[in-house]
There are 2 protein chains.
Amino acid sequence: MRTEVHMSTVSRALNPRTRHLVAKDVTDKILQVAEELGYRLNLNASGLRSRHSMTIGVILPDVAQAVFPETILAIETVLAARGYSLLVAHAETDYPRHRLIVEQLASHLIDGLIMTTARRHDPVIEYCIENDLPMVTIHRHEPNFPSVVNDDRQSTRLAVEHLLSLGHRRIAHVAGPPSADTGRLRRAGFVEALERAGLEPAAIEHSLRYTREEGSRCASAVFEKAPDLTAIVTASDALAIGCLDYMARHGIDCPGDVSITGHNNAPLVDAIDPPLTTVAIDLPGLGARAAELMLRRIDNPGAPPEQIVLEPRLIVRMSTISLHGKRGKGFGHAP
Amino acid sequence: MRTEVHMSTVSRALNPRTRHLVAKDVTDKILQVAEELGYRLNLNASGLRSRHSMTIGVILPDVAQAVFPETILAIETVLAARGYSLLVAHAETDYPRHRLIVEQLASHLIDGLIMTTARRHDPVIEYCIENDLPMVTIHRHEPNFPSVVNDDRQSTRLAVEHLLSLGHRRIAHVAGPPSADTGRLRRAGFVEALERAGLEPAAIEHSLRYTREEGSRCASAVFEKAPDLTAIVTASDALAIGCLDYMARHGIDCPGDVSITGHNNAPLVDAIDPPLTTVAIDLPGLGARAAELMLRRIDNPGAPPEQIVLEPRLIVRMSTISLHGKRGKGFGHAP
DNA sequence: CAGCGCATTGCAAGCGATTGCGTGTTTTTC
DNA sequence: GAAAAACACGCAATCGCTTGCAATGCGCTG
């Protein structure tokens, strides 16, 4: 930097937070010269001294889940506008990777962490708590941390009410992992909605992960427990498609024999056979809100943690049909 | 760090590249003590002095594309094993974002860049060339840079040959963006394969992006140009599904009236209606090879750039059927 | 007009690692 | 057994920026 001013002045002028300390005309000149010279400050040096790296970590559970790209994009869009970069890490269930992530945090690589994994008892979270690293969670509640979640109870309630209105009474649930908030809450909403109608779940099976394969496995389990079921509410589109896979293999027709609802409204679920009735959640909203909360948290660490809940929306397609004037599978008499 | 040795020795012991400079027993002791104290070196300080940040940038074009998650995961897995983190940036076609990315590079935030966008004439690439930042490209060739690509010519050849063997003769192509290597090469493979059979393309329409909407638009265009076509080869699954959307709206049956092939074998394309015949590319392989090339490039900048080409594989499902004993759309006579 | 306060800028000490150089010690060599 | 080479490690400068403090100059008040 070659101007007639001292480098400390340049530093102050370049940093929006300290810019008010330098005279307006000097600031303008500095910005102009910096632009001409293509000067960029060295974030390593800056971070070394000021102890922030201008990068935010994002932890994803499982690439296989189609719901993340949109969320990530939204996060990045909001953060990039404030000069933050995104460091992504995939952390399925393997511990070595968790350890690695913690190490990166410990290396002061990250100014904040956005967790999109819904698993509880996470060493990464414990680390954030201990070192009070700004964290915001998506898809899960953590006391004392900002979070943005879908109203998961409401999600499955919507699905159940839809099926009830179609005349279904023997409804099973292919649930998410019990270790995940999403899994537990969606299950709770499912049970509640049935209880209100004076009904009991036909069957409930927890998946271990939100995958198609798990969906198939769980389908097998619920059909075993409740051969006369007429509908299945699932906790994710992938699980629903897994159920469809199972049913196709066993000659059970959807929606003719059994209706199915998914969850998330992931890309392409409108194009599958049959187009999936599902509960849409606001993926970009989840990301954008989370990023905003993160920025607010960084600007003002003392503020009380906000918890944002977004409303789901039922999207009816072809995988659910009315039972009225139709026989459900298991009635036992011929046409 | 509180041992009886000097911090320079610690630094050397902790860095695998300089570890040979210190005695084995001292190294062991240092590693052990570091472990006990939970000591992590400060990457900002380290990077400031040594001018490398231990992070690799990855630029993605478009989140909407389902092909990236697997590739990213593979990249991260390989790089994380060597202590590198991943900085991701989405760079569709908007220039402000490109500028932002270049600025991050300029801030020495990144030791290398993996480009997954196939667009040509990219300011980011120019920056890498000028500042000889290690770069490796996926899905595109760049002279003097390592790259890993699918054999895109072969991809569409496979698709065309498959359709030819089913008796199709009037085949159209919904191509990728002409600005993308993938778009041009897949188109070239398509044309070549037809030429070998002494045939001409029924129609070719270039999409502007690999999206469903563009697929629909292009479908409209090719049906306009060649109403008698019996098959469409597309440059991506998203485009293929867009074609299916269009056909569904216009009462054209797939595969009854027109056969369609996709490209990439993205998740769920086996579950759509009809299950899509597509050309599978090795998504994790693309990522893993790219990451390995990056590491090699960093270790040994002088080595000649390797160019890796992976072989595609045709996956036949239900969206393509034989024309033998069947009438294609446009023959003009009733059953 | 002296004195005070405020706004603006310069000074210089770090932030925590890396690394070229130098010194001390051990091993090799003839 | 002495000189040379190899090996291990310490020393201290340095990377580029931030920031508390000091210094300067200005306008304003009494």
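Per chain, numbering begins at 1; letters A, B, ... match sequence-line order. The structure presented is a predicted model; accordingly, all values stated were derived computationally and were not measured.
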Self-check item: Spacing between A/H20 atom NE2 and C/dT8 atom P, to the nearest angstrom
Solution: 10 Å
Practice problem: Determine the contact category for A/S46: base if any of its heavy atoms lies under 4.0 Å from a base atom, sugar-phosphate if only primed atoms, P, OP1 or OP2 are that close, otherwise nothing. | Solution: sugar-phosphate
Quiz item: Atom CE of A/M7 to atom C1' of D/dT18: distance rounded to whole Å?
Solution: 8 Å
Exercise. Examine the base of D/dG10 for any acceptor or donor lying under 3.5 Å from a partner atom in the side chain of B/R12, and report the outcome as yes or no.
Key: yes
Quiz item: Can B/R296 and B/D299 be counted as an ion pair, charged N to O under 4.0 angstrom?
Solution: no
Quiz prompt | Rounded distance in Å - CG (B/L41) to P (C/dC15) | solution = 17 Å
Exercise. Look only at the side chain of A/N42 and the backbone of B/L48, and say whether a donor-acceptor pair between them is shorter than 3.5 Å.
Key: no
Quiz item: Are any side-chain N or O atoms of A/E142 and backbone N or O atoms of A/T137, one a donor and one an acceptor, separated by less than 3.5 Å?
Solution: no
Quiz item: Base, sugar-phosphate, or nothing for A/L43, non-hydrogen atoms under 4.0 angstrom?
Solution: nothing
Quiz item: Counting only N and O atoms by type, is there a donor-acceptor contact under 3.5 Å from the side chain of A/R19 to the main-chain atoms of A/L14?
Solution: yes
Quiz item: With a non-hydrogen cut-off below 4.0 angstrom, is A/S11 in contact with a base, only sugar-phosphate, or nothing?
Solution: base
Quiz item: Between atom CZ in A/R19 and atom P in D/dT18, what is the gap in whole Å?
Solution: 12 Å
Quiz item: For the pair made of CG in B/L48 and C1' in D/dC17, what is the distance, rounded to whole Å?
Solution: 8 Å
Quiz item: Of all the nucleotides listed (D/dA8, C/dT9, D/dT18), which has the minimum atom distance to the side chain of A/V26?
Solution: C/dT9
Quiz prompt | Main-chain N/O of B/I138 paired with B/S147 side-chain donor or acceptor, under 3.5 Å | solution = no
Quiz item: Is A/R51 touching bases, backbone alone, or none of the nucleic acid, heavy atoms closer than 4.0 Å?
Solution: sugar-phosphate
Quiz item: Contact class for A/S8 vs. all strands (heavy atom < 4.0 Å): base, sugar-phosphate, or nothing?
Solution: base
Quiz item: For the pair made of NE2 in B/H6 and P in C/dT19, what is the distance, rounded to whole Å?
Solution: 15 Å
Quiz prompt | Distance in angstrom units between B/R49 CZ and C/dA17 C1', rounded | solution = 9 Å
Quiz prompt | 5' precedence on DNA chain D between B/L21 and A/N15 (nearest-nucleotide basis) | solution = B/L21
Self-check item: Distance, rounded to the nearest Å, where B/R40 contributes CZ and C/dA17 contributes C1'
Solution: 16 Å
Self-check item: C/dG16 OP1/OP2 closer than 4.0 Å to side-chain N/O of B/Y39
Solution: no
